[in-house]
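A quick write-up on the structure given underneath.
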Amino acid sequence: MRAIGIILAGGNNYRMKELSQRRAVAAMPIAGSYRSIDFALSNMSNSHIQKVAVFTQYNARSLNEHLSSSKWWDFGRKQGGLFVFTPIVTMESSTWYRGTADAIYQNLEFLKNSHEPYVVIASGDAVYKMDYNKVLEYHIEKKADITVVCKEIGAESEVTRFGTLRMNEESRIEEFEEKPIVAKSNTVSCGIYVIRRRQLIELIEKCAEEGRFDFVKDVLIRFKDIKRIYGYKIKDYWRNIASVEDYFATNMDFLKPAIREYFFKEYPSIYSKADDLPPAKYNAGSHVKNSLVSSGSIVNGTVEDSVIFRNTFIGNNCYIKNSIILNDVYIGDNTRIENCIVESGDTIRANSQHIGEGAIKIVIEKNDRYII
Amino acid sequence: MIRKEMIAMLLAGGQGSRLGVLTSKVAKPAVAFGGKYRIIDFPLSNCINSGVDTVGVLTQYQPLRLNTHIGIGIPWDLDRNIGGVTVLPPYEKIENSSWYRGTADAIYQNIDYMDSFNPEYILILSGDHIYKMDYEVMLDFHKQNGAEVTLAAMPVPLEEAKRFGILITDENRKIVDFEEKPENPRSNLASMGIYIFNWKTLKEALLAKADQPGLDFGKHIIPYCHQKEAPLYAYEYNGYWKDVGTLHSYWEANMELIDLVPDFNLYEEYWKIYTRSQIIQPQYLGPDSVVEKSIIGEGTTILGQVYNSVIGCGVTIGEGTVVRDSIIMNETTIGKGCEIYKGILAENVNIEDEVKLGIGDEVENETDPHIYNHGLVTIGEKSVVPKGTVVGKNSVIFGVTTAADYDNGNLASGKTLIKAGGEA
């Protein structure tokens with residue numbers, strides 16, 4: 001085993017609006033049956049990284065529930081395993097994670113007690129498939145100190161909510177700006193890094209001594225002229241979900257045959273916690289077109305161009321269009337929903353209407369649910 | 001010391017020959033049911049939901065799929081430090097090595113397994129029934145009555161009673177007599193093949209009757225206990241219970257799941273049925289698809305029309321295809337422009353474009369009319385049906401078939417097409 005993994009899953013993001021009141025971004029449901037962190041975890045597992053730490057602090061209940069057993073990603077091994085680190089109170093410190101570097105610093109023992117020479121750092125809020133070993137080989141070949149995975153993005157997302165970078169012809173990173181006001185480049189950092197374990201410990205300890213807490217600002221940007229920081233450009237699908245628009249679009253991407261083929265059929269697979277729900281059921285009067293439907297759902301009405309998550313009930317004569325219905329939602333009869341994201345656990349009363357006009361509307365309705 | 005109050009022994013060795021080609025490569029308990037499940041999931045889930053965490057599964061006929069499915073029992077939470085699920089195939093001994101020659105003989109040959117848990121009670125189950133039952137309630141009944149043997153029994157219509165083992169009881173549900181498939185039944189309480197024994201009583205009976213050929217619970221062990229005047233009780237069960245022993249009853253039980261509120265409800269929160277599922281993706285319904293009155297498993301892609309059907313996981317149904325009143329098992333692919341009526345398609349079947357199944361008149365099957373009937377078309381696992389083929393009713397296809405195997409692209413009603421060495 002050449003590397004250990006770290007997944008940064010701490011964050012909330014104001015761009016997720018009401019959706020992240022309930023959970024960390026890494027726990028957001030994706031594509032009917034997954035949660036965002038499944039992609040990073042499965043990539044780790046498929047890259048034969050056996051020891052993975054997840055750092056989390058913002059509303060981690062949903063995430064902890066999802067990670068309650070490591071067997072789904074095949075981490076329940078005698079060597080390595082899955083570790084979930086939330087901030088702890090000790091004699092010396094009782095602070096929250098004040099940034100990504102600080103999160104690593106507060107758990108530095110995990111790095112010190114490992115023997116693997118490299119660390120792969122990933123974030124829990126992106127949808128992609130990646131063999132981290134390829135990045136690692138590139139990292140070794142370039143004799144890099146840090147390798148940053150990056151991607152050129154088009155008009156589909158706002159470049160300015162990422163770290164943007166510019167590389168020279170050898171792929172060494174020359175410019176790196178975090179969330180620039182005006183982006184000078186459309187190559188963005190994917191938040192995936194490869195670094196030697198001892199190098200990381202050294203850099204993080206240096207940061208901590210100086211009271212600096214952020215991995216991007218205080219390590220990548222600050223050290224870019226004295227450390228060999230390289231970019232590894234990817235062309236494959238990669239999408240960050242941490243804004244309502246991107247979250248919605250990422251889910252809708254799965255309605256495209258090529259994307260489904262890539263994530264659902266091609267090797268390797270993405271794993272998730274099994275929910276043991278019965279098959280989806282379509283009663284008389286259901287009309288479902290160009291949509292994804294997950295197990296445990298019961299459909300009585302019309303659904304078009306939408307993603308229906310697990311255990312959802314859609315009543316008679318409903319019309320759901322271009323929407324995302326999250327887990328455990330109950331939608332009463334004769335309801336119309338268009339351009340919406342319906343929060344999980346919602347109960348939508350019969351005969352109601354929710355239509356997002358101009359923008360995606362987030363629907364949160366906690367009504368009493370009557371047993372039918 | 002290891003001690004378990006009650007352990008279960010699940011008989012899963014039978015072939016189930018009345019399911020025809022569905023069981024030519026797999027044991028009956030491993031046959032798919034209800035879209036994503038296999039028949040054995042029901043008794044296994046009942047065990048864990050009833051708090052029985054030690055289950056011995058007796059296998060013999062074609063156990064590969066069953067072994068792979070059970071593994072170490074993770075899906076049913078039966079991966080335990082002590083107990084859990086153990087697969088028990090027949091094994092060689094210094095003398096008297098043999099296959100399992102009967103239901104009770106299989107149990108007899110595993111006395112050591114049961115002894116190792118020092119149980120007080122043994123629960124005997126069979127792996128081919130669809131039902132939900134709380135065995136703990138049955139055990140309470142067993143204890144309250146001071147029974148040594150309790151048989152689960154359900155009331156059946158009197159005219160059907162002659163197909164079952166019938167129990168005659170007094171007002172306290174104590175069994176006074178029983179009859180095996182009687183002409184003129186004296187009661188309508190049918191034994192369901194679910195027994196709780198005091199381990200002492202069972203062990204004594206097994207040892208006493210060990211030399212009996214074809215040692216069977218219904219024929220030998222229960223009568224022996226009765227004769228020894230051990231208290232036998234009948235535990236009445238009134239829920240859904242279905243023996244899916246024939247193709248038609250198997251098809252019917254699947255079809256009952258798609259009723260608006262089915263008798264057997266898989267959607268209840270507190271008695272989940274667990275299964276091993278490799279496929280977890282959502283299903284995709286295409287722009288021109290129509291799906292009504294159907295249940296559909298994970299990862300399935302439907303571009304055509306599906307009515308009144310039970311579709312498994314990872315299935316693909318092509319554009320313009322119509323599927324009605326059918327059961328399609330995992331990973332089967334159906335091409336474009338097909339018509340399928342009352343089909344039972346096993347796993348990994350490949351139906352090429354423009355195939356029609358279940359067309360024409362009802363004609364009795366030429367080889368096995370008692371198996372292939374009621375107008376069903378049955379296709380065995382990993383079979384291939386070539387483009388444009390038209391297949392009649394009460395017919396069966398098994399193996400990789402090509403156009404040369406058909407009469408001008410037709411297989412008439414009632415025909416059997418089983419190709420030797422059917423594996424691709």
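Note on naming: letters A, B, ... go to the chains in the order of the sequence lines (proteins, then strands), and numbering restarts at 1 for each one. All values derive from a computational prediction rather than experimental measurement. Computed from heavy atoms alone, side chains included, the values below leave out hydrogens, waters and symmetry copies.
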**Message:** Looking at A:Lys281 and B:Leu260, would you say the former's side chain and the latter's main chain have a donor-acceptor pair under 3.5 Å?
**Reply:** yes
**Request:** Without swapping roles, check the side chain of B:Lys272 against the backbone of A:Asp275 for a donor-acceptor pair under 3.5 Å.
**Result:** yes
**Prompt:** Roughly how far, to the nearest 0.5 Å, is NZ of A:Lys71 from CG of B:Asp79?
**Reply:** 5.0 Å
**Asked** Relative to chain A, which segment of B:Ile311 carries a heavy atom at a distance below 4.5 Å: side chain, backbone, both, or neither?
**Response** neither
**Item:** Over 12 non-hydrogen atoms of neighbours within 6.0 angstrom of CD in A:Gln79
**Value:** no
**Message:** For residues 266-304 of chain A, which residue pairs pass the ring-ring contact (aromatic ring centres under 6.0 Å, His included) check, not counting sequence neighbours?
**Reply:** none
**Prompt:** So which bits of residues 293-305 of chain B come within less than 4.5 Å of chain A, counting non-hydrogen atoms only?
**Reply:** B:Lys293, B:Ser294, B:Ile295, B:Ile296, B:Gly297, B:Glu298, B:Thr301
**Asked** Side chain, backbone, both or neither: which part of B:Thr275 has a heavy atom under 4.5 Å from chain A?
**Response** backbone
**Request:** Identify the heavy atoms of A:Ser297 and B:Tyr267 that sit nearest to each other, and give their distance.
**Result:** O-CE2, 4.4 Å
**Asked** Any idea which of B:Gly312, B:Gly35, B:Ser289 has the most non-hydrogen atom pairs under 4.5 angstrom with chain A?
**Response** B:Ser289
**Asked** Just by modelled atom types, is the B:Asp288 backbone N or O under 3.5 Å from a matching donor or acceptor in the A:Lys289 side chain?
**Response** no
**Prompt:** Within residues 251-262 of chain A, which positions have a heavy-atom distance to chain B below 4.5 Å?
**Reply:** A:Leu255, A:Arg260
**Request:** For A:Pro279 and B:Leu266, work out which heavy atoms get closest and say how close.
**Result:** CD-CD1, 4.4 Å
**Prompt:** Taking everything shown except B:Lys336 itself, do over 12 heavy atoms lie less than 6.0 Å from its NZ?
**Reply:** no
**B:Asp259 portion near chain A, given a 4.5 angstrom heavy-atom threshold** = backbone
**Message:** Taking every non-hydrogen pair under 4.5 Å, which of A:Ser269, A:Gly296, A:Ala284, A:Gly32 racks up the most with chain B?
**Reply:** A:Ala284
**Item:** Neighbours of chain A found in residues 276-285 of chain B - heavy atoms under 4.5 Å
**Value:** B:Ile280, B:Gln281, B:Pro282, B:Gln283, B:Tyr284, B:Leu285
**Asked** Side chain, backbone, both or neither: which part of B:Tyr307 has a heavy atom under 4.5 Å from chain A?
**Response** neither
